[in-house]
Trainee: 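Would you mind keeping the following structure in view while I ask a few things?
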Amino acid sequence: MSRTLKRLLVAGAAGFIGSNFVRHVRKTRPDVDIAVLDKLTYAGNLANLREFEGTRGYRFVHGDVCDADLVNTLAGQVDAIVNFAAETHVDRSLMDPFAFIETDVRGTAVLCEAARRYGHQAFLLVSTDEVYGQVSEGRSREDDSFRPRSPYSASKAGGEHIAHAYAESFGLPLLVTRGSNNYGPFQYPEKLVPVLVTNAIDGMKLPLYNDGSAVRDYIYVEDHCRAIDLVLHEAAVGGVYNVGTGLETTGLQVAEAVLEITGKPRSLIEFVADRPGHDYRYALDISRISALGWEPQVSFAEGLERTVRWYEHHQDWWRPLKSGDYWEYYKRNYRPLST
Ligand code: NAD
Ligand code: DAU
């Protein structure tokens with residue numbers, strides 16, 4: 001199976017993974033036209049896409065995936081939609097769940113409806129391993145049921161359910177990727193890796209929830225983007241794919257590795273009050289995406305080293321983000337372990 005797509009609408013590409021995906025497609029498929037639709041929330045940043053401004057076959061549209069008129073207009077001009085647009089931070093979903101329900105569920109529905117109306121070749125929904133919920137033992141397979149436990153993961157699961165319903169009921173040519181924890185350049189400094197890296201650079205405390213024992217599968221963002229591109233072009237319609245490395249790393253191990261690379265002392269580690277409803281383990285079975293011909297190319301050691309160097313060399317990118325509202329959020333989110 002191979003699909004030729006000439007014009008893509010990439011929603012949410014001013015964020016972390018979406019901007020890396022646009023970079024990947026521009027490099028590997030320079031003849032593909034890309035329209036980006038992004039609301040530019042606190043997590044969206046035009047600086048992530050600056051190198052493409054004014055280049056042939058690229059355009060940026062500032063707008064909301066919940067705006068059906070705008071989405072329909074853009075959908076009428078492309079062959080396929082790739083949807084990254086979402087509220088994405090679990091901790092923020094505990095403070096404002098409705099923003100997540102609006103974008104991650106309703107926004108996905110608006111995009112599905114437009115893709116169906118214009119008879120697109122493919123609709124790729126970038127989903128997450130969090131839809132499976134906490135996995136105490138074994139590994140999640142694509143046919144496992146959803147047991148989301150946070151407003152974020154429940155909203156992502158809701159968006160996925162809508163997309164599957166559009167596939168079943170209206171023949172939407174759906175493709176789904178369920179990625180694990182991404183890290184790398186251009187990640188907003190609220191997720192674990194960039195919080196630890198930027199705090200370490202500044203000699204600040206590295207906050208770990210509870211005892212730092214929660215396990216994640218950390219995947220370098222370029223590996224994830226290659227997988228999305230592969231599924232978009234090579235997977236049969238209806239395909240759902242877990243995307244991860246299959247390796248398990250605790251938060252404490254991430255913090256220790258960051259301190260090692262930055263040469264900062266272990267005393268910077270600070271255990272803080274736990275995230276409510278914290279999922280302590282996700283683990284993916286990646287045999288399906290492996291059979292499609294994908295494997296991760298960047299080890300955690302190599303990816304983290306690259307990431308630390310990127311943040312060291314791009315302080316003009318992240319320093320403006322760590323100001324004002326950011327510190328309001330930070331104060332609200334992090335509490336001492338004893339409370
Ligand atoms: P991010 O928070 O960095 O970026 C999200 C982008 O979506 C931002 O540019 C934001 O402005 C945009 N956006 C938000 N609401 C919008 C709306 N209503 N209309 C248009 N644009 C809107 O997120 P990310 O980490 O790059 O994640 C991208 C996608 O990948 C999300 O769907 C997320 O659920 C999924 N995902 C993320 C990870 C991860 O580890 N970060 C892992 C698996 C899946
Ligand atoms: O698994 C994929 C998901 O990964 C994506 O769908 C989400 O969009 C993305 O935000 C991410 O969710 P997590 O909650 O796993 O990522 P986060 O970086 O917030 O946290 C990773 C782990 O580290 C988790 O066990 C909580 C812990 N943590 C997080 C932060 C921000 C800390 O101990 N301290 C922190 O400061």
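Here the structure is a predicted model, which means the values were calculated and not measured. Along the sequence shown, residues carry numbers from 1. In listed order, ligands and their atoms are each counted from 1.
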Trainee: Nearest protein heavy-atom contact for atom 9 (C) of ligand 2: which residue, which atom, what distance?
Mentor: T88 O, 3.9 Å

Trainee: Considering distance alone, does some N or O of Y282 sit under 3.5 Å from an N or O of ligand 2?
Mentor: no

Trainee: My understanding is that we take every heavy atom of each candidate and find the minimum distance to atom 19 (N) of ligand 1. Doing that for V65, V126, V61, which one comes out nearest?
Mentor: V65

Trainee: Just need the protein heavy atom nearest to atom 18 (N) of ligand 1, so name the residue and atom and give the distance.
Mentor: D64 OD1, 2.8 Å

Trainee: For a quick check under 3.5 Å, do E234 and S2 share a side-chain donor-acceptor pair by atom type?
Mentor: yes

Trainee: So which bit of Y152 gets within less than 4.0 Å of ligand 1, heavy atoms only: side chain, backbone, both or neither?
Mentor: side chain

Trainee: Looking only at protein heavy atoms, which one is nearest to atom 16 (O) of ligand 2, and what is the separation?
Mentor: N181 ND2, 3.3 Å

Trainee: How close does the nearest protein non-hydrogen atom get to atom 44 (C) of ligand 1, and which residue and atom is it?
Mentor: S127 O, 3.0 Å

Trainee: Yes or no: does F84 have any heavy atom under 4.0 Å from an atom of ligand 1?
Mentor: yes

Trainee: Only heavy atoms count here, so choose which of H278, R281, E87, R216 is nearest to atom 15 (O) of ligand 2.
Mentor: R216

Trainee: Would you check whether Q187 has a nitrogen or oxygen atom less than 3.5 angstrom from a nitrogen or oxygen atom of ligand 1?
Mentor: no

Trainee: Is there a polar contact between ligand 1 and H224, counting only N or O atoms under 3.5 Å apart?
Mentor: no

Trainee: Side chains of N199 and K264 only: does a donor on one sit below 3.5 Å from an acceptor on the other?
Mentor: no

Trainee: Would you call D31-K6 a salt bridge at under 4.0 Å N-O?
Mentor: no

Trainee: Starting from atom 6 (C) of ligand 1, which protein heavy atom do you reach first, and at what distance in Å?
Mentor: G12 O, 3.5 Å

Trainee: My understanding is that we take every heavy atom of each candidate and find the minimum distance to atom 40 (O) of ligand 1. Doing that for L46, N83, N48, N182, which one comes out nearest?
Mentor: N182

Trainee: Between I17 and ligand 1, is there a nitrogen or oxygen pair with a distance under 3.5 Å?
Mentor: yes

Trainee: Is any NZ, NE, NH1 or NH2 atom of the basic residue among E248 and R139 found under 4.0 Å from an Asp or Glu carboxylate oxygen of the other?
Mentor: yes

Trainee: Is it true that E222 and R226 make a salt bridge, defined as a side-chain N closer than 4.0 Å to a carboxylate O?
Mentor: no

Trainee: Assess the pair Y280 and H278: is the distance between their ring centroids shorter than 6.0 Å?
Mentor: yes

Trainee: Is D79 salt-bridged to R7, going by a charged N under 4.0 Å from an acidic O?
Mentor: yes

Trainee: Check the side chains of K191 and T88 for a donor-acceptor pair under 3.5 angstrom, ignoring hydrogens and angles.
Mentor: yes

Trainee: Looking only at non-hydrogen atoms, which of Y209, Y218, F271, Y334 approaches atom 36 (O) of ligand 2 most closely?
Mentor: Y334

Trainee: Please confirm whether the ring centroid of Y42 lies under 6.0 Å from the ring centroid of Y188.
Mentor: yes

Trainee: Side chains of D129 and Y132: do they bring a donor and an acceptor to under 3.5 Å?
Mentor: no

Trainee: Considering only heavy atoms, does D129 approach ligand 1 within less than 4.0 Å through its side chain, its backbone, both, or neither?
Mentor: neither

Trainee: Which is closest to atom 20 (O) of ligand 2 in terms of heavy atoms, R178, K191, R275, E130?
Mentor: R275

Trainee: Are H314 and F186 close enough that their ring centers fall under 6.0 Å?
Mentor: no

Trainee: Is the closest basic N to carboxylate O distance between R309 and E305 below 4.0 Å?
Mentor: yes

Trainee: Report yes if L192 has an N/O atom closer than 3.5 Å to an N/O atom of ligand 2; otherwise report no.
Mentor: yes

Trainee: For atom 27 (O) of ligand 1, which of T88, L111, L49 has the closest heavy atom?
Mentor: T88

Trainee: Please identify which atoms of ligand 1 are closer than 4.0 Å to at least one heavy atom of L40.
Mentor: 11 (O)

Trainee: Which of these, A86, A43, S180, has its nearest heavy atom closest to atom 5 (C) of ligand 1?
Mentor: A86

Trainee: So which heavy atom in the protein is nearest atom 25 (O) of ligand 1, and how far is it from that ligand atom?
Mentor: F16 CD2, 3.8 Å

Trainee: Look at R178 together with D144 and state whether they make a salt bridge at an N to O cut-off of under 4.0 Å.
Mentor: no

Trainee: May I ask you to identify the nearest protein heavy atom to atom 43 (C) of ligand 1, giving residue, atom name and distance to one decimal place in Å?
Mentor: G179 O, 3.3 Å

Trainee: So among N181, T249, T245, N242, which one has a side chain to side chain donor-acceptor pair (under 3.5 Å) with D217?
Mentor: T245

Trainee: With no hydrogens and no angle check, just 3.5 Å: does a side-chain donor-acceptor pair link Y329 and E190?
Mentor: no

Trainee: Between H89 and ligand 1, find which residue part has any heavy-atom pair under 4.0 Å and reply side chain, backbone, both or neither.
Mentor: neither

Trainee: At their closest point, which heavy atom of I201 faces which heavy atom of Q315, and how far apart are they?
Mentor: CG2-NE2, 3.8 Å

Trainee: Tell me which protein heavy atom sits closest to atom 9 (O) of ligand 1, plus the residue, atom name and distance to 0.1 Å.
Mentor: D38 OD2, 2.6 Å

Trainee: Counting the benzene-type ring for Trp, do F16 and F84 have ring centres under 6.0 Å apart?
Mentor: no

Trainee: Does the residue P207 have a heavy-atom contact with ligand 2, meaning some pair of atoms that are separated by less than 4.0 Å?
Mentor: yes

Trainee: Considering only heavy atoms of K156, which atoms of ligand 1 have at least one such atom less than 4.0 Å away?
Mentor: 31 (C), 32 (O), 33 (C), 34 (O)

Trainee: Looking only at non-hydrogen atoms, find the nearest pair between S93 and Y152 and report the distance.
Mentor: OG-N, 3.1 Å

Trainee: Does any N or O atom in S180 lie less than 3.5 angstrom from one in ligand 2, N or O only?
Mentor: no

Trainee: Looking at ligand 1, does G63 have a heavy atom less than 4.0 Å from it?
Mentor: yes

Trainee: Out of C66, G15, A11, indicate the one that has the non-hydrogen atom closest to atom 4 (O) of ligand 1.
Mentor: G15

Trainee: What are the atoms of ligand 1, with element, lying closer than 4.0 Å to any heavy atom of N181?
Mentor: 40 (O)

Trainee: Report the nearest protein non-hydrogen atom to atom 15 (N) of ligand 1: residue, atom name, distance rounded to 0.1 Å.
Mentor: T103 CG2, 3.5 Å

Trainee: Answer yes or no: does an N/O atom from T128 fall short of 3.5 Å to an N/O atom of ligand 1?
Mentor: no

Trainee: For ligand 2, is there an N or O atom under 3.5 Å from any N or O atom of E190?
Mentor: no

Trainee: Tell me the closest heavy-atom pair linking E87 and A99, and the distance in Å.
Mentor: CG-O, 3.7 Å

Trainee: Give a yes/no verdict on a cation-pi contact between R275 and Y209, requiring under 6.0 Å between NZ or CZ and the six-membered ring centre and an angle within 45° of the axis.
Mentor: no

Trainee: Quick test: of every protein heavy atom, which one is nearest to atom 22 (C) of ligand 1, and how far off is it to 0.1 Å?
Mentor: K39 CB, 3.7 Å

Trainee: Measure the shortest side-chain to side-chain distance between V32 and L5 over non-hydrogen atoms and say whether it is less than 4.5 angstrom.
Mentor: no

Trainee: Mark the output for G251 as yes if a heavy-atom distance to ligand 2 is under 4.0 Å, and as no if none is.
Mentor: no

Trainee: Return the closest protein heavy atom for atom 1 (O) of ligand 2 as residue, atom name and distance.
Mentor: D129 OD1, 2.5 Å

